Amino acid sequence: VIEGRPLADVRERVSGQDMTRLARWTGAFLRRLHGLDLHGIDWERPTRYFEQTIRQTHGELRSVLSERPALPSHLLAQIDEWLPPLEDLGALDRSVLLHADLHDGHVFLRDVGGHFQPTGVIDLNRARLGHRMYELGPIWSWLLRGDGVLMGHLLDEARFVERDRSDFPRIALTWCLLHQGIAQAGVGIPDIDDVDTLEELATRSFGQRRDEQGSADPEAATRGAGP
């Protein structure tokens with residue numbers, strides 16, 4: 001049993017400091033999850049399926065995102081020209097175990113003396129094997145709501161090697177938009193209508209690097225996490 005309540009239920013009571021701790025805790029959780037040994041797991045078939053799905057979604061991204069629509073119309077209109085080629089996303093056959101649905105209804109916190117502490121994650125129904133960058137979609141959209149500073153804290157802890165790339169903001173946003181949940185539910189960033197371009201959205205969301213001291217405990221990040 002996971003103690004506490006989901007972030008979605010208590011967000012208005014969670015301080016900025018506690019959100020920073022949550023971001024770092026979630027990054028540490030991802031580092032541990034993605035580092036699990038897949039030896040003995042039949043990863044080839046699900047990896048091929050993941051690769052096929054990403055290729056198809058990438059080729060039809062503007063159409064896929066237009067169905068709901070998932071983005072404001074002025075950003076949707078920029079997709080075809082802005083979207084990096086598929087080969088720029090990295091090797092799609094580099095599989096790790098993904099939670100794939102880390103939104104604010106699936107990350108729990110408890111109130112300890114007026115401060116909210118993460119206690120675990122739930123719902124592994126969409127867990128799959130795939131590229132680690134696919135994990136960012138629901139985190140960016142609904143957990144941290146596009147906050148570049150919080151995303152920076154999370155990425156510091158998650159230690160994605162892709163972050164060393166000069167084009168990381170564009171690549172990261174592309175992976176977010178490729179997530180099936182974005183097409184199904186739309187982007188959950190409150191002020192996204194005020195963003196003029198996709199490049200601005202990418203830079204604002206993923207262009208900040210944080211070098212602050214302090215680290216979430218990766219062991220604590222996995223304690224209590226369960227379906």
Side-chain angles (χ1 to χ4, degrees), residues 23 27 30 47-96 98 100-104 126 128 130-156 158 160-210:
L30 290 180
T47 296
R48 284 198 303 271
Y49 176 77
F50 177 83
E51 181 176 355
Q52 292 168 0
T53 301
I54 294 299
R55 288 184 180 279
Q56 180 176 352
T57 304
H58 181 276
E60 305 170 353
L61 189 57
R62 182 175 178 180
S63 174
V64 169
L65 295 178
S66 297
E67 291 182 9
R68 181 177 170 85
L71 287 170
S73 59
H74 68 284
L75 295 180
L76 278 172
Q78 301 169 30
I79 288 285
D80 292 339
E81 182 176 350
W82 175 87
L83 189 67
L86 187 67
E87 54 267 26
D88 285 1
L89 301 185
L92 299 181
D93 59 352
R94 271 185 208 165
S95 284
V96 299
L98 304 171
D101 202 19
L102 281 172
H103 58 68
D104 59 359
R126 295 192 180 187
R128 69 194 66 190
H131 196 291
R132 74 183 73 244
M133 293 285 285
Y134 187 78
E135 199 82 83
L136 293 179
I139 296 172
W140 165 74
S141 179
W142 302 297
L143 186 68
L144 303 183
R145 293 185 173 179
D147 187 306
V149 174
L150 293 179
M151 290 302 304
H153 283 300
L154 179 138
L155 291 164
D156 280 348
F160 286 9
V161 296
E162 294 83 1
R163 203 176 180 206
D164 292 332
R165 295 176 50 163
S166 61
D167 61 349
F168 177 76
R170 178 178 288 207
I171 297 304
L173 180 58
T174 299
W175 273 108
C176 289
L177 298 179
L178 288 170
H179 194 284
Q180 66 179 16
I182 300 297
Q184 293 171 353
V187 173
I189 298 173
D191 60 348
I192 195 169
D193 287 331
D194 299 329
V195 180
D196 293 329
T197 67
L198 288 169
E199 196 63 24
E200 177 188 344
L201 182 60
T203 301
R204 190 180 82 165
S205 300
F206 297 104
Q208 300 192 46
R209 298 189 69 96
R210 306 292 297 182

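Treat the numbers as computed from the prediction; the structure is a model and nothing was measured.
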Is there a side-chain contact between [X] and [Y] in this structure, where contact means two heavy atoms from C-beta onward sitting under 4.5 Å apart?
X    : Y    : answer
L154 : L150 : no
E135 : V96  : no
I171 : R165 : yes
I182 : W142 : yes
L75  : Q78  : yes
L92  : R55  : yes
L178 : L89  : yes
S95  : F50  : no

(Q) Test ring-ring contact (aromatic ring centres under 6.0 Å, His included) on F168 and F160; report intermediate values, then the result. (A) CA-CA 10 Å; F168 177 76; F160 286 9; 7.7 Å; no
By salt bridge (Lys or Arg N to Asp or Glu O under 4.0 Å), E60 pairs with (sequence neighbours left out) none
Hits for salt bridge (Lys or Arg N to Asp or Glu O under 4.0 Å) against D191, two or more places apart or cross-chain, chain-then-number order -> R204
Please report the shortest heavy-atom distance between [X] and [Y], naming the atom on each side.
X    : Y    : answer
H58  : P84  : NE2-O, 2.8 Å
Q208 : R163 : O-NH2, 2.7 Å
V195 : H74  : O-NE2, 2.6 Å
H153 : A23  : CB-CB, 4.1 Å
G207 : P169 : CA-CG, 3.9 Å

Roughly how far apart are R48 CZ and Q52 CD, rounded to 0.5 Å?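 If I round to the nearest 0.5 Å, the distance is 7.5 Å.
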When rounded to the nearest 0.5 Å, the distance separating CG of L61 from OG1 of T174 is 8.0 Å
Residue pairs passing the salt bridge (Lys or Arg N to Asp or Glu O under 4.0 Å) test with at least one member in residues 61-81, sequence neighbours excluded, are R62-D80
| CA sep, side-chain torsions, deciding dist, call: W175, L136, side chain to side chain contact (heavy atoms under 4.5 Å, CB included) | CA-CA 7 Å; W175 273 108; L136 293 179; 5.5 Å; no
- Would a distance-only check, ignoring hydrogens and angles, find a side-chain to backbone donor-acceptor pair under 3.5 Å from S141 to G137? no
>> Donor-acceptor check, side chain of H179 to backbone of A100, threshold 3.5 angstrom: yes or no?
In response: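 Present.
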**W82 and L201: CA distance, side-chain angles, deciding distance, side chain to side chain contact (heavy atoms under 4.5 Å, CB included) verdict** = CA-CA 12 Å; W82 175 87; L201 182 60; over 6 Å; no
Test R126 against every option in L98, L102, D101 by the side chain to side chain contact (heavy atoms under 4.5 Å, CB included) rule and name the one that passes.
->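 By the side chain to side chain contact (heavy atoms under 4.5 Å, CB included) criterion, R126 pairs with just one of L98, L102, D101: D101.
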* To do: Please assess L30 against R132 for the test side chain to side chain contact (heavy atoms under 4.5 Å, CB included), listing each intermediate value before the final yes or no.
  => CA-CA 9 Å; L30 290 180; R132 74 183 73 244; over 6 Å; no
